[in-house]
Each structure stands twice: as C-alpha cells, then as structure tokens.
2 protein chains.
Amino acid sequence: MATLREIAELASVSVATASRVLNGSAEKHPVSQDVRASVRAAADTLGYTPSATAQALKQQRSKIIGVIASDILDPYFAEMTRGIEIEAAKFGYVTILANANRDPEQERTKFRVLREHQVSGIVFCGSDIEGSPGTAQLAREVNLAVRAGTRVVALAPRGFDSTKIVIDNAATAYELTQYMLSLGHRKIAFIGGIPGLSAAEQRIVGYRDAMFEAQAPAQVLGLTGMSQESGKRAAEELTASTQLPDAIVCTNDEVAVGVLAHLWTAGYKIPEDVSVAGIGGTRGGAVFGLTTMTLPLVELGGLAARYIATAGGSSDVPAPPSFELHIGSTSAPRGQSD
Amino acid sequence: MATLREIAELASVSVATASRVLNGSAEKHPVSQDVRASVRAAADTLGYTPSATAQALKQQRSKIIGVIASDILDPYFAEMTRGIEIEAAKFGYVTILANANRDPEQERTKFRVLREHQVSGIVFCGSDIEGSPGTAQLAREVNLAVRAGTRVVALAPRGFDSTKIVIDNAATAYELTQYMLSLGHRKIAFIGGIPGLSAAEQRIVGYRDAMFEAQAPAQVLGLTGMSQESGKRAAEELTASTQLPDAIVCTNDEVAVGVLAHLWTAGYKIPEDVSVAGIGGTRGGAVFGLTTMTLPLVELGGLAARYIATAGGSSDVPAPPSFELHIGSTSAPRGQSD
DNA sequence: TTGTAGGCGTTATCAG
DNA sequence: CTGATAACGCCTACAA
C-alpha cells in the first residue's frame, strides 16, 4: 500500500503538499497546477490508496456508520439497511452492519464494538423489547454514549435518549384496520408480534383502537414472532378453529406472507374467503399483491445516514416521512368476501 | 472517550503497562497482579474503550471484513452476509457491508473504499457478469490487490484470481433436474437468470445436460432477473401459452416464489398442475414448502470469514460444503400431476 | 505557494 | 516486572 510519503518522494514534494492535492483541501489550500499534476501522476503510478484508518485517527472520527439490525433476513430491516448504505455512500461513508437478533445482550456488545471503531454514528433499526432484562442496561450505556457525543439514531421506538426518526406504528395499524372496516368487514383478526416488542405492541394498540371505535370484536393471536413461519403457524391455528374471520391484519408483511402461504396451500381463496393485509410495504409482499401499509423504509434509513454524515451542518432532526395504504389484490369488500 | 494515557495516569503506570493489561499481551507479557488490578479499575472508572482505529493503524490491519453483495434484499446474499457476520464476530471482527447491485462499476468503487479502510479481507458474495464492460477492469484491480497481499474471497464464480469457495452451480441444477425427471416429468422448463451472470449460466448448463441425457426437450425462459418479480412475469408468460410444462426448475428460490405467487393467484394447484422447484434453500422458500436444492449459504459465509480472520494461521482454502436436495410440497410424481 | 513538525491512540522494541 | 520512546499514515497550524 503506497503511502503519502512515498508518493511525496516520487513527486519531490513534501507530504503536506501531497496530502493537500490528494484530499479535499486541494481547493481550500492553494497548490500550483504543476505540482498538482506531478503529485497526481505519482499517486497514480504508485497506486495510492489513502488510509481511512489514519485519517480517522487524526480526525477523531471515521467515515463509518454503524448499523444495528434485528434481523437482516427480514426485508423490513434489509430495506432500511439498504437505505442507509446508499445515502451513506453519497457522503463517502461506509456502513458496518451488525445483527443483534433482538437480543439486548448482543445489541450491547455490538454497540460497544461499533464505538471502538470510532464510528460517526450508530443506527438502531429495530425497536426494543420492554421489560427484557438487558434492555435497561443497554439504555444506560447508550445514554452515556449519547451524552459523550456519539450520534445515535433509532428508527423504531426505543427507551433511550437518542435521536429518533420513527413512524407512528399505532397509526399504521389503525388506518389499515379502518380500511378493512370500510370494506364492510367486522370480524377482523390481528396476527403477529412479540410480547414486549414496542413496535409490535403499538400496532396492536392501533388495531384495538380502530376495532373499539367500530364496536367490532378484537382478536389478537400468534404473538410468537415477526416471521413468515410464525404467520403460517398462526394461520394454521386460525383455520383449525371453526370460523375464519372476514379479514386478517398482520403485524408486518412477513407474517402476512406466511398467512397467505398457509391459506393458499390449504385451498382458500384470497380475497374471496378472507382478506389479508400486512404492514411494511416491503419487496417481500409485492409479488403477492399484498395489501399493506407502505412504510418509507429506505427513506428512513437514508435520513438516518444523512443526519449522521452531516453532523457538523444543519442537523435538525428530520421528521419521519409518511406512510400510505397500498391496496393490493389480497383484500376486497365484504360483498365479495362472502 | 478515555484514552490509554488517561487510564495510565490514573493508575500511575506507564501507557505501555496499561496497554499490556488491557489488551491480549497481558498473558504474553508478565505484569504483576497488583498493577493489573489497578489498571483494570482505572479503565473501569474511566469507561475505557480501546480505539480500534489506532490499533488498526499500528498493526496495519483492521479487524474488519469487507463484504460486497449483489443485492442485500435477496435472501440468498442476506444469508451469506449473516454467515460472515456471525463467524467474523467470533474472531472479534466486524463486517462492512457494501451493496453493488451487480454493477461492476459499483463493485469497483466499493472495493476501493473497502481497501481504504484497511480491511483484512474482502468477500464477494455474488458472481460476475461476463462480457460486461466493467468486469475486466474490476478483475484487473482485484488481481493487483491480491498480488499486493489483500485477502479476497469469492463465494461465487468470478473471473479474477482470488481465493474461491464456490458451489458447483451446474451440479445443483443438474441434480435438481434429474430429480424432476425421476418423478416422471418430461416437459420441464427452466426459469430465471441474467444473460452473462456466471452462476445463473452454469445452472442452465446443468439443467440442459440433465435434459439432454434424458432426451427431454429443454426450454429456458425468463432470463430477465433473479427476483420474485421476474419469476412472476415469466410464469405469466408461461401460463399465457397453450400448455403448462410438467415441472418448472427455477434458477433460485426467489424466482420460484414469484412463479408460485402467480400460479396460486391464477388458480393453479401445486404440485397437482405443475411441480415447482428452486435453488438456494433460503428462508424465503421455506414457508411455501418449496422443493429446492439447499445450499450451505450461511456456512459458506462463515468459511470466508474464518479464512480471512485466521490469515496468519492454517490458511488452506476450505472446500465448499455440500448441498442437498430438499423435497418440499411443491413437487410430486407425474402420476399425481396429471 | 510550499515545507516543517507535532500529535491522533496504540503497540513494540529496548532498556532499566 | 515496568517504563521510555519510536513509529503507523495522515492532517493542520505555523513558518518560510
């Protein structure tokens, strides 16, 4: 790896000058055209690659954004991650990805490792599990770090004092449920979630509120996860019971896809037999024509990245972009559903 | 951020000593118990976090593994990425994730950026697109880097001289096709791929070989991508034609899911009307009971990570783990299919 | 317009 | 057993 000094020697200039032309300060600091050219040439022949490590050490801040995701296999987080990465790249930043499996212990470990790498900021993609033992501990450490100047952004409800760019989860479920009600459905079940998982709990609240207002009976089941697999299991449970509901609102697209998988293979017709919807608007549901609340996941990630990358400048906390209902082919008015 | 010097002062020892107890050399280099204790205490009260940056600068190598993935939204790569991350963490390594969208230009850029960060190694998850303009250029740069000592591992066919841990793609398709033939199917279509994409091309070769040997007519279509969406489109095309084949072999699970999505919504019965299979064994297909060739994606990623992390030690190139047929509920003997 | 020099936090080499 | 001290590669006042 060619170093700055080597290319400085080859170009017969000082490292300072070499540094100036090879890095941003070229415009800020005057350097003659001749020198510029020769330095560039030297850098070229030696195949110079600046050491981000050295730069980071010097400037006390690496151009790295740390990302702590709950489950990179879930499109929900994959899309956020992607949004972060794309926007970060625009600012010359790179992202370190850490999976934490929704385990506070792992989150704590990853958080620490990320800090060791002097990242400019850390993004938490998923929400926390309230009441879980490690959660409080994590919150304490994060709060400490935040007070010490580390930029931390949460893209989902979190119990620590970081910057937050989060969607109104209750509202997503509320509006989605209202839509189902507007189709004439009364018996609407809610499927999916994990006890204590803030985002999931909030969606349940939104669902219950809408059902309560409509004086329709609420039924929540399948609080065994956010995955396709758990959606499938819940659907199996549902079809095993005597009556299918008019409609099913799922906590996310993954669960919805799992529900669809079971229903289709079991011979049900969607939306004739039952309407199904998810939340997220991820690529996962698109191919099935899933009715869903489309959340701006990529944008959300992008906002977090930009916020961190532009730490010095205008760093007002951006407002979360809004979501919207996407009506697919898995939902239909009650008339057609019976 | 507490520095080594600060904690050294607090503990009234030299930074050298502090460094020794706070880092691995504690065992290697003798340090008295008393001193150890006081240093640990000081580090604790000051909340010391080592600077991975400084360590990397000093040791000319950061504990970072760079990952260049084609599409993090594709479970195929997401699983590899996950495997890399998990194994890397075991060695105290962290992974920088870079998406390249199968674009050689982007791959080149990301490759460079990764090198700037002094990563210990770089993993290419996807295969290249032969004939694409940027591919040769990328190969040149990678070869240069490899010769300069950078550890590069490809987990899919690539036209540069890196370490390779790759599955026999032709064999996966060959065996899968043979399985379909063994079920009594004759008219078997192959769906999915991208012209020039090495891995996809090899799978087509395997498929053709099996069909040729069985003297069955080969039909390849839908070379428009590796996504669910493209699988769906191809299936639409297929059902628009007069006759459905006996079975469909897809280039990957994503395409297979897309095919299933269309078939189900169009009212077909699987596997009664047609058998469907994918390649990958990703979580995406699991919930649908998809018949597929299960590839050890997570393990593959793990091997790459381990190979890079243990650069100093026994670094024989690991052999790719083997794949195996997973028979799901989307395939059935011909008798039942007609 | 260019050069000199100090130091970012660590580790490693040498002395004590 | 412990402590100075010199780098690692780069940036940035401060001089020239």
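Every chain is numbered from 1 and lettered A, B, ... according to where its sequence line falls, protein lines coming before strand lines. Computed from a predicted structure; not experimentally measured.
- Of the candidates B:L297, B:I72, B:V298, B:L297 is the only one forming a side-chain contact (heavy atoms from CB on, under 4.5 Å) with B:M80.
- At a threshold of 4.5 Å between non-hydrogen side-chain atoms, the residues A:I129 and A:P104 do not count as touching.
- Counting non-hydrogen atoms under 4.0 angstrom, A:L4 reaches the backbone sugars and phosphates but no base.
- Distance NE2 (B:H117) to P (D:dC10): 13 Å, rounded to an integer number of Å.
- Remark: A:R151 qualifies as a cation-pi partner of A:Y307 under the 6.0 Å distance and 45° angle criteria applied to the six-membered ring.
- Computed from coordinates, the A:D34 CG to C:dT1 C1' distance equals 11 Å when rounded to whole Å.
- Computed from coordinates, the B:Q59 CD to D:dA7 P distance equals 18 Å when rounded to whole Å.
- The side chain of B:V15 has D:dT5 as its nearest neighbour among C:dG9, D:dC10, D:dT5.
- Going from atom CD1 of B:I7 over to atom C1' of C:dG9 covers 12 Å, rounded to whole Å.
- The only member of B:R112, B:K110, B:R147 that meets salt bridge (charged side-chain N to carboxylate O under 4.0 Å, His left out) when paired with B:E141 is B:R112.
- Residue B:E116 contributes atom CD, which lies 11 Å from atom P of D:dC11 at whole-angstrom precision.
- Residues B:S12 and A:A2 each lie close to DNA chain D; by heavy-atom proximity, the contact nearer the 5' end of the strand is made by B:S12.
- Under 3.5 Å, the side chains of A:R158 and A:S198 contain no donor-acceptor pair of N or O atoms.
- For the residue pair A:D128 / A:T135, no side-chain donor-acceptor distance below 3.5 Å is found, with atom types taken as modelled.
- Proximity of A:S51 to the phosphate of D:dC10: no side-chain N or O atom is located under 4.0 Å from OP1 or OP2.
- When the nucleotides C:dC8, D:dC1, C:dT11 are ranked by their closest atom to the side chain of B:P30, D:dC1 comes out on top.
- Nucleotide D:dC10 holds its P atom 17 Å from the CD atom of A:Q60, rounded to whole Å.
- Residue B:S32 places none of its side-chain N or O atoms closer than 4.0 Å to OP1 or OP2 of D:dC1.
- Residue-to-nucleotide proximity on DNA chain D shows that, of B:L57 and B:V13, the 5′-proximal contact is made by B:V13.
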Between the protein and nucleotides 13-16 of chain C, which nitrogen or oxygen pairs are less than 3.5 angstrom apart?
none

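- Pairing each heavy atom of A:T45 with each of A:A42, the nearest pair is OG1-O, 3.0 Å.
- Neither OP1 nor OP2 of C:dT4 sits under 4.0 Å from any side-chain N or O of A:S14.
- Of the candidate nucleotides C:dT10, C:dT11, C:dT1, C:dT11 has the atom lying nearest to any side-chain atom of B:N23.
- Salt-bridge check for A:R82 with A:E79: failed, with every basic side-chain N at 4.0 Å or more from each acidic carboxylate O.
- Going from atom CD of A:E6 over to atom C1' of D:dC8 covers 13 Å, rounded to whole Å.
- B:I65 CD1 to B:Y93 OH: the interatomic distance, rounded to the nearest 0.5 Å, is 7.0 Å.
- Heavy-atom minimum distance, A:G126 versus A:S70: CA-OG, 3.6 Å.
- Rounded to an integer number of Å, the gap from CG of A:L22 to C1' of D:dG9 is 13 Å.
- Closest to the side chain of B:K58, out of D:dT2, C:dT2, D:dA6, is D:dA6.
- Distance from the side chain of A:Q55 is smallest to D:dC10 among D:dC8, C:dC8, D:dC10.
- Fit an axis to the five pairs at each end of the helix from C:dT1-D:dA16 to C:dG16-D:dC1 and the two axes sit 40° apart, to the nearest 10 degrees.
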